[in-house]
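Have a look at the structure below before the remarks.
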Amino acid sequence: MIDLAQLGAAVERGDRDSARSLTQAAIDAGQAPQEILDAMVGAMGVVGRRFQAHEVFVPEMLIAARAMKESIALLEPLLVQAGIRPVARAIIGTVEGDLHDIGKNLVAMMWRSANIEVIDLGANVSPQRFLDAARQHEPHLVGLSALLTTTMPAIRRTVETLRQAGVAAPRIVIGGAPVTLQYAREIGADGYAPDAASAVDLARQLLGLQGSPS
Ligand code: B1M
């Protein structure tokens, strides 16, 4: 049996090789896929909290998320076999006219690390494309990112398009450097997150999932 705390520690320090080999060893030892997954989700929760406390920065969070992503790839067939499903589905994109996608990618990675299925629509996504994707995927969450003051109105247009079309009431989360909580309230979004780790806490809160991953 593998000590899953070691796997968590490998993910926390972004050690891809160790994370992969410990995941494979745990699989080979017949450990429960859910327990292996929980160890990694918990580790990313720790990384997220350190990021919020400014103890680690974007690069550390990226390498931890990559270590987890590669290990999850080994685990995925077993998760499917065991019928373990993501806790929710999200679509995410950077709004129309805006090509900045680094922060949005980080939010997508952190949501995936919290066991949320994420359909990433990319950058420069029109309100109509968000609507088409919402109709197609029926997400629980929609994430909108903007980095330019000039593209903030596209967030508003996207929220209006989704609301007016009456698609199955997804929770809309917005973020990006010029975006504020006040703006979120003004345009009728469900929430605003200042960074990728907070976006996980917010998603869990909006989805009614208890607390942060331990
Ligand atoms: Co641009 N750019 N850029 N740029 N760029 C900024 C944003 C700018 C602040 C630089 C400056 O002038 N000081 C400025 C915007 C000014 C403003 O509007 N107030 C600017 C400008 C003006 C432009 C152009 C117009 C420049 C030009 O061509 N004249 C142009 C616009 C192109 C377009 O989009 N149509 C442009 C182009 C580019 C590049 C293509 C060269 C490149 C983007 C590459 C890419 O993303 N693939 C680029 C970059 C890299 C930047 C800076 C340097 C870095 C942005 C970044 O990735 N930060 C940026 C200046 C800066 O920030 N220092 C700048 C790192 C990233 C992790 O942070 O994206 O803030 P951030 O994401 C954070 C949070 O905001 C939050 O979580 C993330 C992680 O914690 N968050 C969310 C983000 N999305 C979220 C969604 C959520 C929740 C949280 O829920 C869904």
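In what follows, every heavy atom counts, from backbone to side chain, and hydrogens, waters and symmetry copies are set aside. Indexing begins at 1, ligand by ligand and atom by atom, following the structure's order.
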What about M61: any of its N or O atoms under 3.5 Å from an N or O on ligand 1?
no

Are V107 and L148 linked, directly or through other ILVMFWY residues, by side chains that come within less than 4.5 angstrom of each other?
no

Ligand 1 versus V173, non-hydrogen atoms closer than 4.0 Å: side chain, backbone, both, neither?
both

For atom 34 (O) of ligand 1, find the nearest protein heavy atom and state the residue, atom name and distance (0.1 Å precision).
L99 N, 2.6 Å

Atoms in ligand 1 flagged as close to V107, the criterion being non-hydrogen separation under 4.0 Å
82 (C), 85 (C), 86 (C), 87 (C), 88 (C), 89 (C)

Is the number of heavy atoms from other residues, nucleotides or ligands within 6.0 Å of CD (E160) greater than 12?
yes

Establish whether atom 11 (C) of ligand 1 and some protein heavy atom are separated by less than 4.0 angstrom.
no

Indicate yes or no: does an N/O atom of S145 lie under 3.5 Å from an N/O atom of ligand 1?
yes

Is atom 53 (C) of ligand 1 less than 4.0 angstrom from some protein heavy atom?
no

Ligand-side contact atoms (ligand 1) for residue partner D98, heavy atom cut-off under 4.0 Å
34 (O)

Ligand 1 to A196 polar contact by distance, N or O atoms, under 3.5 Å:
yes

Side chain to side chain, P33 and Q81, heavy atoms closer than 4.5 Å:
no

Closer than 4.0 Å and a protein heavy atom, does any atom meet both conditions relative to atom 61 (C) of ligand 1?
no

Would you say L106 and ligand 1 have an N/O pair spaced under 3.5 Å apart?
no

Protein heavy atom under 4.0 angstrom of atom 57 (O) of ligand 1, is there one?
yes

If we only count N/O pairs under 3.5 Å, is G97 in contact with ligand 1?
yes

A student checking ligand 1 against F51 at a 4.0 Å heavy-atom cut-off should list atoms 80 (O)

Stepwise, does the salt bridge (Lys or Arg N to Asp or Glu O under 4.0 Å) test hold for D190 with R163?
CA-CA 11 Å; D190 296 290; R163 299 286 192 227; 2.9 Å; yes

Note the single closest protein heavy atom to atom 89 (C) of ligand 1, along with its residue, its atom name and the distance in Å.
A193 O, 3.2 Å

Could you tell me whether atom 74 (C) of ligand 1 has at least one protein heavy atom nearer than 4.0 Å?
yes

Can you name the nearest heavy-atom pair linking L7 to T23, along with the distance?
CD1-OG1, 3.4 Å

Would D120 and K104 count as a side chain to side chain contact (heavy atoms under 4.5 Å, CB included) here? Give the steps.
CA-CA 9 Å; D120 187 345; K104 179 267 298 168; 2.9 Å; yes

Those atoms of ligand 1 less than 4.0 Å from some heavy atom in D195
76 (C), 77 (O), 80 (O)

Going by heavy-atom distance to atom 81 (N) of ligand 1, choose the closest among G143, G176, G103.
G176

What closest approach, in Å, do I155 and I174 show between heavy atoms, and which atom pair accounts for it?
CG2-CG2, 3.7 Å

R129 with E96: basic N within carboxylate O range, under 4.0 Å
no

Minimum non-hydrogen distance to atom 7 (C) of ligand 1, winning option of L147, I102, L141
L147

Got a protein heavy atom sitting under 4.0 Å from atom 27 (C) of ligand 1?
no

Evaluate the 4.0 Å heavy atom contact test for atom 4 (N) of ligand 1: does a protein atom fall under the cut-off?
yes

Kindly determine whether V173 and Y192 satisfy side chain to side chain contact (heavy atoms under 4.5 Å, CB included), including the steps that lead there.
CA-CA 6 Å; V173 174; Y192 154 77; over 6 Å; no

Under a 4.0 Å threshold between the charged nitrogen and the carboxylate oxygen, would E12 count as salt-bridged to R50?
yes

Determine, step by step, whether L99 and T94 satisfy the side chain to side chain contact (heavy atoms under 4.5 Å, CB included) criterion, reporting the C-alpha distance in whole Å, the side-chain angles of both residues, the deciding distance to 0.1 Å, and the verdict.
CA-CA 7 Å; L99 301 175; T94 306; over 6 Å; no

Name of whichever N/O/S atom of H100 is nearest to atom 1 (Co) of ligand 1
NE2

Distance-only N or O hit between ligand 1 and D101, under 3.5 Å
yes

Atom 18 (O) of ligand 1 [closest protein heavy-atom partner, distance rounded to 0.1 Å]
T149 N, 2.9 Å

What part of T151, side chain from CB on, backbone N/CA/C/O, both or neither, has a heavy atom under 4.0 Å from ligand 1?
neither

Just heavy atoms, cut-off under 4.0 Å: does Y192 contact ligand 1 by side chain, backbone, both, or neither?
neither

Hey, is atom 91 (C) of ligand 1 under 4.0 Å from any protein heavy atom?
yes

Compute whether any side-chain donor of one residue and acceptor of the other, for Q205 and D201, lie under 3.5 angstrom apart.
no

State, with a plain yes or no, whether a side-chain heavy atom of R20 is found less than 4.5 Å away from one of L74.
yes

Using only heavy-atom distances, determine whether the side chains of Q128 and T161 contain a donor-acceptor pair under 3.5 Å.
no

Determine whether D195 and Q52 make a side-chain contact, defined as any pair of heavy atoms from C-beta on separated by less than 4.5 Å.
yes

Give the residue, atom name and distance (to 0.1 Å) of the protein heavy atom nearest atom 14 (C) of ligand 1.
L148 CD2, 4.2 Å

Intermediate values then yes/no, side chain to side chain contact (heavy atoms under 4.5 Å, CB included), H100 and T151:
CA-CA 11 Å; H100 297 85; T151 55; over 6 Å; no

Quick one: does ligand 1 sit under 4.0 Å from the side chain of P194, the backbone, both or neither, non-hydrogen atoms only?
backbone

Looking at A114 and V41, what are the two nearest heavy atoms and their distance?
CA-CG1, 4.2 Å

Select one of side chain, backbone, both or neither to describe which atoms of L144 lie under 4.0 Å from any atom of ligand 1, heavy atoms only.
backbone

